Amino acid sequence: MDLNKGYYIYTFGCAMNEYDSERISSSLEIRGYHQVLDTREATIIILNTCSVRAKPEIKIASYLGVIAKDLKRNDRDVIIGLTGCVAQDQGKKLLKEFPLVNFVIGTDAVANFDELIERALAGERFVDTSLMTETFVIEKFKRKSKISAQVTIMKGCENFCTYCIVPYVRGVEVSRDVKEITDEIKALIAGGSKEIMLLGQNVNSYRGKLENGSIAGFSDLLGSVNEIAGVERIRFITSHPKDFDKELVDTIAKLDKVCKYIHLPAQSGSNNVLDKMSRCYTVEDYKSKIDYAKSVIPNISFSSDFIIGFPDETEEEFQESLDLIRYVDFDNVFAFKYSSRPGTKAATYKDSLDNATKSRRLAELFALKDEIVTVKLAKLIGKEFEILVSGRSSKDSSQFHGLTEQSRGVAFSSSKDLKLGDMVNVRILEARPNSLLGEEIE
Ligand code: 5AD
Ligand code: SF4
């Protein structure tokens, strides 16, 4: 191993960024670099940034501060790059602000990482935040097949929820052609992938070209992916509730490989707040969509995102979010304190809510979630699940580890020599707060 060819990459944010990081890693590894987990061993350092919440600049600055201290101590030559949403959003400003940084590559230009890294290696300091709406070049990258592989089906978002910076950073919606997606999936499966995670900021808006020139919607795409031999499971993120219609539910019901576990961000349980967020649905709409899905697919379950403390959220409005969480009985809930993003509409809203109140509400929401999840987990004892084997358990190497369709991790015993990617049936024997224990059954 060439000790001068270590690269370090840190990924903030969502699955899109993880996917981009994977592509950057592939590109560097083809060039003979290997990933290191300590910046002090790296000659290329990449921070793949996120701007959806919090003060991103502060995070970058503190990271770069740590790196800078070390470089000064050791007098080393390192190339430092910023990618992701903050890179896209702030571009040139970052090069000016952080003299240590060699390059800034935005969310679209990262598709040309192969060429851009050459420029960086040749000593150039540059910014590329060009947005490419015509082409959606991504497969310039050779990808490693993971058991669960992510595949981007579309990019961008045109919903403009009032709190969200994504439409400004990731641009207009562009969908990849169906064949490009299915070809990529076939290649991943040939390399050993079993589970395919379809990615898009807003997958329901997928409108990709078919070979005959007509347009396929998201339900059509799911159908095509379901037909690919060797695909064991299909997941997708993220769905927008306003587009989560009967057609899509009926499609999910029909397709055996699509996981009956859907992430459907509600954001709030209050109609007034939803309206101020421009989410284009009411709590009643949301509930009736969930009710319909549960009536057609009895074993379906949901997870969701909530924003706490949207400008001037009242105590009643917050309690309505808790009511919705109880109503749906979510398998998992992610919640975030509202964070004002410059340039969005909500950033202009009056916000008199203090931080202590936001923190208290967030804690209350998580306590409710824990309560719901504990009850749910206890009910799983004695039940059987199909598990996709993801390896040996980290705590006990005689045990295997894998995920259920609902993305719950299970550690289990088996008399067989199971391999990564095997599908087995497991009975749950014990439910601990953060883990399930089970045994393989025939
Ligand atoms: N403040 C807090 N949370 C936000 N999210 C998006 N924008 C903001 C913001 N400005 C949350 C939403 C979204 C998730 C990815 O991040 O809940 O679903
Ligand atoms: Fe942001 Fe709304 Fe688009 Fe999701 S749907 S990325 S929350 S604007």
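Just so you know, these numbers come straight off a predicted model, no measurement behind them. First listed ligand is number 1; within each ligand, the first listed atom is number 1.
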Phe336 contact mode with ligand 1 (heavy-atom cut-off under 4.0 Å): side chain
Heavy atom of the protein closest to atom 7 (S) of ligand 2 (residue, atom name, distance): Tyr163 OH, 3.2 Å
Interfacing atoms of ligand 1 (cut-off 4.0 Å, heavy-atom, Gln267): 12 (C), 13 (C), 17 (O), 18 (O)
Protein N/O/S atoms closer than 2.8 Å to atom 3 (Fe) of ligand 2: Cys157 SG
Under 3.5 Å side-chain donor-acceptor pair for Tyr163 and Gln267: yes
Parallel, tilted or perpendicular: ring planes of Phe334 versus His263, cut at 30 and 60 degrees: perpendicular
Under 3.5 Å side-chain donor-acceptor pair for Asp250 and Tyr292: yes
Row check, Phe126 ring normal vs Arg119 NZ/CZ: under 6.0 Å, within 45°: yes
Atoms of ligand 1 close to Tyr338 [distance to a heavy atom under 4.0 angstrom, numbered from 1]: 1 (N), 2 (C)
Atom indices of ligand 1 within 4.0 angstrom of Val52 heavy atoms, with elements: 6 (C), 7 (N), 8 (C), 9 (C), 10 (N)
Aromatic contact, Phe12 with Tyr63 (centres under 6.0 Å): yes
Side-chain donor-acceptor pair present, Glu284, Asn271, cut-off under 3.5 Å: yes
Distance from atom 1 (N) of ligand 1 to nearest protein heavy atom, with residue and atom: Ser339 N, 2.9 Å
By salt bridge (Lys or Arg N to Asp or Glu O under 4.0 Å) - contacts of Asp128 (at least two apart): none
Phe160 six-ring centre to Lys345 NZ/CZ under 6.0 Å and within 45° of normal: no
Centroid separation Phe330 to Phe302 less than 6.0 Å: no
Atom 18 (O) of ligand 1: the protein heavy-atom neighbour that sits closest, reported with distance to 0.1 Å: Asp305 OD2, 2.6 Å
Candidate pair Arg170 and Asp20, rule salt bridge (Lys or Arg N to Asp or Glu O under 4.0 Å), full reasoning: CA-CA 13 Å; Arg170 295 257 174 183; Asp20 287 342; 3.7 Å; yes
Atom indices of ligand 1 within 4.0 angstrom of Arg341 heavy atoms, with elements: 10 (N)
Nearest-neighbour protein heavy atom for atom 2 (C) of ligand 1, which is reported as residue plus atom name and distance: Lys337 O, 3.3 Å
Arg235 side chain to Ser407 side chain, donor-acceptor N/O pair below 3.5 angstrom: yes
Residue and atom name of the nearest protein heavy atom (relative to atom 7 (N) of ligand 1), distance in Å to one decimal: Tyr163 CD1, 3.3 Å
Under 3.5 Å side-chain donor-acceptor pair for Tyr349 and Ser340: no
Within-shell test, Arg170 vs ligand 2, heavy atom, strictly < 4.0 Å: no
Those atoms of ligand 2 less than 4.0 Å from some heavy atom in Arg279: 2 (Fe), 7 (S)
Protein residue, atom and distance nearest to atom 16 (O) of ligand 1, heavy-atom basis: Arg53 NH1, 2.6 Å
